[in-house]
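Below, read A as the first sequence line, B as the second, and so on, with proteins coming before strands; counting in each chain starts at 1. Only a predicted model underlies this, so the values are computations on that prediction, with no experimental measurement involved.
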2 protein chains.
Amino acid sequence: MSERGRPRSFDRASALHRAMEVFWAKGYEGASLSDLTAAMGINSPSLYAAFGSKEALFLEATDLYTRSEGTDIWSTLEEAPTAELAIEGFLTQTAKAYSQADRPQGCLIALGALHQDSTQGLICQDLRRRRAENQAALERRLERAVAEGELPADFDCRTAATFFATVQHGMSIQARDGATYAALMATAAGAMAAWATMAGVRA
Amino acid sequence: MSERGRPRSFDRASALHRAMEVFWAKGYEGASLSDLTAAMGINSPSLYAAFGSKEALFLEATDLYTRSEGTDIWSTLEEAPTAELAIEGFLTQTAKAYSQADRPQGCLIALGALHQDSTQGLICQDLRRRRAENQAALERRLERAVAEGELPADFDCRTAATFFATVQHGMSIQARDGATYAALMATAAGAMAAWATMAGVRA
DNA sequence: TCCTTTCTGTGTTGATCGATACATAATTCA
DNA sequence: TGAATTATGTATCGATCAACACAGAAAGGA
């Protein structure tokens, strides 16, 4: 049903994937429609017919990014047996994801649109919401560990979540500066040194 | 001498200061010439006569930024009596500087131009160089502490410097997301927890 | 077959981008 | 005073921006 009219001559999903890569590499305002249509292999009317606008395309691309690129990081966080392994895995997966040679370096959510502008307020707001949600996921994981008795009741989950989320954001900039996997792992090791103090030397 | 011709009708230094604020708030590509000339109170020919180009203006603005906004952070690092106080002061001053209400939040050097582009390769390169120099300053301070016998000889200065520089970069994004001074200090506290492990529990 | 619907490619829209041409105003030097 | 020099304001340059008008092409429904 609803397949009337001329069929689309390109694959919408793979075109969206290409668009995601362009936004990832160049950011929202840095990615021009010429860049996008060239990478997607279509003309601008097709882009607007299929996605609505540059803004809507970006929102859909970030959604795809969250679903396709962030899974390893966040599934490790949830599934690791202890909070320490969860944070360590979170940082290690981040280091790995941010330094993949065949992809843009760093994180689309962190770097996609940092400078609020009248034309991109909605974009900034959406990315900010996603960053806040990521930090909240960290905090929930730590609170779970407190509830399960793994961490002491006075463990400051919010401060720790803020800290680890901020380290991850910093790793995006570090990766953009060309940091290797090893360099990112050095940062991860530093953050885990903080964990030792936060959780270890207590009882 | 060399004061021939019609004198400039505006104060070059304060115009540069206004330009710095615009670049700081909007980034390099986000700051249009209209934004700049409006904030500087001049027309574009005056801008080009006085500064050469948008690119040259940005480079001069970042230089001013380094000289005027970064001084507290880096002087604390150098002058603190111990390495621990140096790092702690570095982080505290950063939290303070990044959350000033009357200024753009976060750091111009960290956020000014993250997406390399054909038109702004030189800008990215310059900011990258400045970030690397900041990290090198951290490393030198730690190496000094090792040389003075304050830290053990096997202290990994490079890893630590990488870690603290990355935390600072993350604080820029955190500040852009509206983090308060208290929230930034939570991150600073987390980073200092790492210091305790790195340097404290050793001998 | 004809009508409706949807997509595609060409070409273009008004706006804005960074950067200047040009004539005029204001100063120093001779 | 007149020549040389430098800055200013107006007005605009070609290029590019995001977005779309339009006509033709390709499908389904009757």
**Asked** Does CD in A:Gln125 sit with more than 12 non-hydrogen atoms of other residues, nucleotides or ligands closer than 6.0 Å?
**Response**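 Result for CD/A:Gln125: open.
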**Asked** Crowded around A:Arg128 CZ? As in, over 12 foreign heavy atoms under 6.0 Å?
**Response**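 Atom CZ in A:Arg128 is crowded, with more than 12 foreign heavy atoms closer than 6.0 Å.
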Within this structure, what is the [atom1]-to-[atom2] distance between [X] and [N], rounded to whole angstrom?
X       : N      : atom1 : atom2 : value
B:Ile42 : D:dT10 : CD1   : C1'   : 16 Å
A:Phe58 : D:dA19 : CZ    : C1'   : 19 Å
B:Arg6  : D:dT6  : CZ    : C1'   : 9 Å
A:Arg4  : D:dA27 : CZ    : P     : 15 Å
A:Glu55 : D:dA18 : CD    : P     : 12 Å
A:Glu29 : C:dC17 : CD    : P     : 11 Å
A:Lys26 : D:dA18 : NZ    : P     : 11 Å
B:Leu47 : D:dG9  : CG    : P     : 13 Å

**Request:** Would you mind checking if B:Lys96 and B:Asp72 are paired as a salt bridge, meaning a charged N to carboxylate O distance below 4.0 Å?
**Result:**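 Salt bridge: no.
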**Pairing of A:Glu29 and B:Lys26 as salt bridge, 4.0 angstrom limit** =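 A salt bridge is absent here (no side-chain N lies under 4.0 Å from a carboxylate O).
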**Item:** D:dC20 phosphate, OP1 or OP2, under 4.0 Å from A:Tyr48 side-chain N/O
**Value:**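 For D:dC20, OP1/OP2 do not have a side-chain N/O of A:Tyr48 under 4.0 Å.
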**Message:** Can you see if the side chain of B:Asn43 gets near the phosphate of D:dG9 - specifically, an N or O under 4.0 Å from OP1 or OP2?
**Reply:**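 Yes, because at least one side-chain N or O of B:Asn43 sits under 4.0 Å from OP1 or OP2 of D:dG9.
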**Asked** Going through the checks in order, is the salt bridge (charged side-chain N to carboxylate O under 4.0 Å, His left out) test met by A:Arg140 and A:Glu78?
**Response** CA-CA 10 Å; A:Arg140 282 195 303 271; A:Glu78 301 298 333; 5.4 Å; no
**Closest-nucleotide ordering on DNA chain C, the 5'-leading residue of B:Gly5 and B:Ser44** =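 Result: B:Ser44.
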**Request:** Return the minimal non-hydrogen interatomic distance between B:Ala86 and B:Arg141, and the atom names on each side.
**Result:**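 Looking at all heavy atoms of both residues, the closest pair is CB-NE, 3.8 Å.
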**Asked** Are the side chains of B:Phe58 and B:Leu36 in touch, meaning some heavy atoms are under 4.5 Å apart?
**Response**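 Counting from C-beta outward, B:Phe58 and B:Leu36 never come under 4.5 Å.
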**Asked** How about B:Phe10 and B:Arg18: do any of their side-chain heavy atoms sit closer than 4.5 Å?
**Response**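 No; the side chains remain at least 4.5 Å from each other.
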**Request:** Check each residue of residues 30-37 of chain A for a non-hydrogen atom within less than 4.0 Å of any atom in DNA chain D, then write out the ones that pass by number, or none.
**Result:**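 A:Ala31, A:Ser32, A:Leu33, A:Ser34, in order of number.
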**Pair B:Ser46-B:Asn43, side-chain donor/acceptor within less than 3.5 Å** =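 No, no side-chain donor-acceptor pair sits under 3.5 Å.
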**Message:** What's the closest nucleotide to the side chain of A:Arg8 if the choices are D:dA19, C:dA26, C:dT8?
**Reply:**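 For A:Arg8, the side-chain atoms sit closest to C:dT8.
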**Request:** For A:Pro7, report the nucleic acid contact type (base, sugar-phosphate, nothing); a contact means any heavy atom under 4.0 Å.
**Result:**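 The answer is sugar-phosphate, as A:Pro7 gets under 4.0 Å only of primed atoms, P, OP1 or OP2.
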**Request:** Please list residues of residues 9-24 of chain A whose heavy atoms come under 4.0 Å from any atom in DNA chain C, ordered by number; otherwise none.
**Result:**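 Close to the strand are A:Ser9, A:Phe10.
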